[in-house]
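Naming convention: chains lettered A, B, ... in sequence-line order (proteins, then strands); numbering from 1 in each chain.
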Amino acid sequence: MVWLNMPKKDLPKSYNPADYEDEIYAQWEKSGFFNPDNLTGEPYSIMMPPPNVTGVLHLGHALENSLMDITARYQRMNGKKVLLAPGTDHAAVATQAKVEKLLVAEGMKNPRQELGREKLLEKIREYAEASKATILSQIKKMGTSCDWSRLAYTFDEPRNKAVNEVFIRMYNDGLVYRGHRVVNWSVKGQSTSSDDELIYMERPAKLWTFKYSKDFPLAIASTRPETKLGDTAVAVNPKDKRYKKYIGQIFTADVGAAKPLRLKVIADPAVDMNFGTGAIGVTPAHSAVDFLMYEKQKAQGQPIDLIQVISQDGKMTAAAGQDYAGLTAEQAREKFVAWLKENDLLVKEEDITQSVGTSDRFGDVVEALPMTQWFVDVNKKIPARGASLKEMIKQAIVKGHHNDAKQKIDITPERFEKVVLNWLDNLHDWCISRQIWWGHRIPVYYRRQEISNISGFARSGRARQYPISNEMQNANADANAEEILVSAEKPEGGGWEQDPDTLDTWFSSGMWTFSTLGGPEKSPLPPPVKGGKSDLKTFHPSNWMQMGYEIIFLWMVRMILMSTYALDQIPFKDVYIHGMLRDQSGKKFSKSSGNNIDPLEVIKQYGSDALRFSLVSGISPGNDSRFYAEKVEGARNLVNKLWNVARYIITNFSGYARSGEARQFSILNFQLNAEKLTLADKWILDKLEKLISGVTDDLDNFRFSQAGEKLRVFTWDDLADWYLEISKFEQGKNEILYFILESLLKLWHPFMPFVTEAIWRELGKEKLLMAEKWADITPPTPLYKGGSEQFELIKDVVAAIRNARSVYKIEPNQKIKAVICSGKRVKLIEEQSELIKKLRTGIEELEIENTGEKVEQAIYLTVSGVEIYLAVPGFDFKAEADRLAREIKVQTERIKSLSARLANKEFTSKAPANIVKAEKDKLDLYKSELGKLKEQRSSLK
RNA sequence: GGAUAGUUAGCUCAAUGGUAGAGCACUGCGCUUACAUCGCAGGGGUUGCAGGUUCGAGUCCUGCACUGUCCACCA
């Protein structure tokens, strides 16, 4: 070991992040360690949830980057071949909606009409690219150690290939189908949404109860009377005695629609007899629920009609009748209610609270409309998997894919498993086609003209063309006139038009874990991932995924769906669900509340490390947490504390030689001079060992907050407040201090990569800290064992003396004389007398005795059986007597409750022996202390 | 309607069933040459309420009350 006395370094008094961060990040990038190709070891992969290219990085992203980067850096230091794959999401609807809004703000009335498809797409692309660049630079600011060479985008060429491939496979498996069904339609956005994209909002509404006509036997209630123009049935509960006689009957009523309504009374157990009149007007075209009844009736061979009275532009159709056609739904409603009143059909009008689904991106209340759209069948059994998509998702989180426990996805916290299962129970087929333009175009082509030979499509060239099956053809009555071809590329021959629709953004992001790695491979199902060492083979399934609970349904389950289907693998082994960040008062961050915090501003003010630490401390999985300036300030102070711990060590102790030699230093060196270790050394090494194992265990189990807390306590309370103070007078701590500092920097690195790397460089290291091996005390050695408890006693003695000084308001520079009677521990106290004197107890003269004489005119303290007399000038007799009396009272209380417990035979016989013994020992101690206190009290004259 | 999380010091949060802890804020003292982005000391809690299980409950069970969130075929 070569030690040099290096000249004292001129480190700044406080750490200024801006002086280091960009430069250090550049150095990391240049080192190549972000790229797993330059690492060895077991693969470990995390696919970064791709931020939407709709704007800038927000605090939620900052939290996610922190969590991912902590895990990535920890695993990398643990010798894993770590891939943290970055990317962005084109966020179909979100991005188009945003750009359209901007264009409208610039004065355009209807961007889609005015610009047309290609020009609008060009505008969106420009915006997306700019936004992407911003976001990527912000991710770097967070210190995220991702492999930029593998940067992916959900809307780039490789990802588009994956999307087409999976769509086509699903189509061939009959999972993707085109159907005419009621969907959620945003009039404002002129597009569909899936059920999971709706945001439900409570709003006041009116509920009207009325009859269709004077002689109609039942009254019904509705909040949307205008849709009643399209009613084709009335549903009642089959058990409802009031209405049983009407079931099966058909009534007609003229309510002003184009044709008089033909209303069949049908029975459906879903109808609640006790709600309203117990009868529901069924509008199959404008209610998802009613549409289900319609389908049920059809399946039972007793079809009812479907009449669409509201069109895609939100206005009433011709079918609604002359008086209504062309009116908005609201206008039609007023008119209809007025008509009811005029004709004395209105029974009741009441105010209720209603929950309505709104489009998450366009904000308007969605209309239920019957339309021809593309869907994913979640219930159909897939031959190659022996299960439906729904069943596979369930299996993957409950027992494991294919019932293989090794392929079970573990969700942290576990409770979300139940949430997903509940959601799965209510899952309907997934509507995947969108009428917006920004997104993956549906790989389907149509041709109007007759075809002579439906099965005759050649698999020509590279294009994989699949004729539509007869079964599908029949299933899609609407599409009968068309020839349909599902293909990634435009088929040869004239007349083919591609489906104008695009795919739900989650269809592509569902493939994220493998589309980023080049999957799925082009092989027919089942697609075993075999062959060469592709990224897909190396890194899939990914090891860890994190996300907020708000996208569990939208994203997590879709990834499971896509991965189990396309790869026959789970997408990730562990998924960590984090909560939402809220402001100091518990409100969500949002533009409208004006409480948004820009992470970059926080970084500018406090540094990236402080931001990271403040985000992950005090959080628990699945629960929301609050974020506010004081928290970041605290983190900044901690970063600065660490800096100063290092500064103190570097400036006052000689460091390592700047040699290229491998560092030989380890705990083994201590073993050679074990006898040289002081009590404090043993104590801090014991603490360090516990810290390393504790932090390691926490990080292995994704307990980020707890790991950070342990590190904070060690750094600040143990190391800075005690050990460094001791190092100011105990000699020979070079090795130990550097060993602790190095270990500590490694442990802190995942949390605070910048400051730790900056200090590491100040230590003269050539290798980057990020590529160092994780902290370790090897081999575990008993050499410092037993020191901890003894040192804790010394700490208690010191604290008791300081306390007494403070309570008695003894001037800080007033030196005092002390006598310590320590019984059996006289040797320990003797050995540590320097410690006791120099740890700011102000003791000038210290006498240590076995069992001492009473010291007159002195403050008396007892600490774990050690008696301390402090002789102070101006001893206050009365104050001391009072204080002793209080102590005696407290001690008596303690003894009373302890004695009671120990007198209880149930306790002594049933409680574990070690606990009983501990309680007995405590009682003995208290009793002896009480005796001494009483003696002291009575000796005061 | 169902589910789920939470309710602990003024605030934000911790506590494998074994006498309740930390940070911030507060009080007193202190420029002790790593750090005032600091140090030392201190005050402050019947753990939402009511029962139960247990030798022992913040922790397990039941009910209730608030708060939040999710789901549902809320006509």
Inset, instruction - Would you please classify the geometry between the A:Tyr243 ring and the A:Tyr246 ring as parallel, tilted or perpendicular, with 30° and 60° separating the classes? - result: tilted
Among [options], which nucleotide sits nearest the side chain of [X]?
X: A:Arg636; options: B:A75, B:C35, B:U37; value: B:U37
X: A:Ser355; options: B:G42, B:C35, B:C74; value: B:C74
X: A:Arg712; options: B:C73, B:A22, B:A41; value: B:A22
X: A:Asn644; options: B:C55, B:C38, B:A34; value: B:A34
X: A:Arg802; options: B:A41, B:A15, B:C73; value: B:A41
X: A:Asp721; options: B:C35, B:A34, B:C40; value: B:C40
X: A:Ala911; options: B:C55, B:C38, B:A75; value: B:C55
X: A:Val271; options: B:A34, B:A14, B:A75; value: B:A75

Inset, instruction - With heavy atoms under 4.0 Å as the rule, sort A:Ile915 into base, sugar-phosphate or nothing. - result: base
Inset, instruction - Provide the Watson-Crick or G-U wobble partner of B:C73, both distances under 3.5 Å; none if there is no partner. - result: none
Inset, instruction - With a 3.5 angstrom cut-off on both distances, give the Watson-Crick or G-U wobble partner of B:G23, or none if there isn't one. - result: B:C11
Inset, instruction - Answer yes or no for A:Arg894 and A:Tyr926: cation-pi contact, defined as NZ/CZ to six-membered ring centre under 6.0 Å and angle to ring axis within 45°. - result: yes
Inset, instruction - May I ask you to establish whether A:Lys733 and A:Tyr738 are in a cation-pi arrangement, using a distance under 6.0 Å from NZ or CZ to the six-membered ring centre and at most 45° from the ring axis? - result: no
Legend entry - Length of the line joining A:Leu638:CG and B:G39:P, which is rounded to integer Å: 11 Å
Legend entry - Euclidean distance, atom CD1 of residue A:Ile577 to atom C1' of B:A5 [Å, nearest integer]: 14 Å
Legend entry - Ring-ring centroid check A:Phe754 A:Tyr15, cutoff 6.0 Å: no
Inset, instruction - Take atom C1' in B:G23 and the same atom in B:A15, then report the distance between them in whole Å. - result: 15 Å
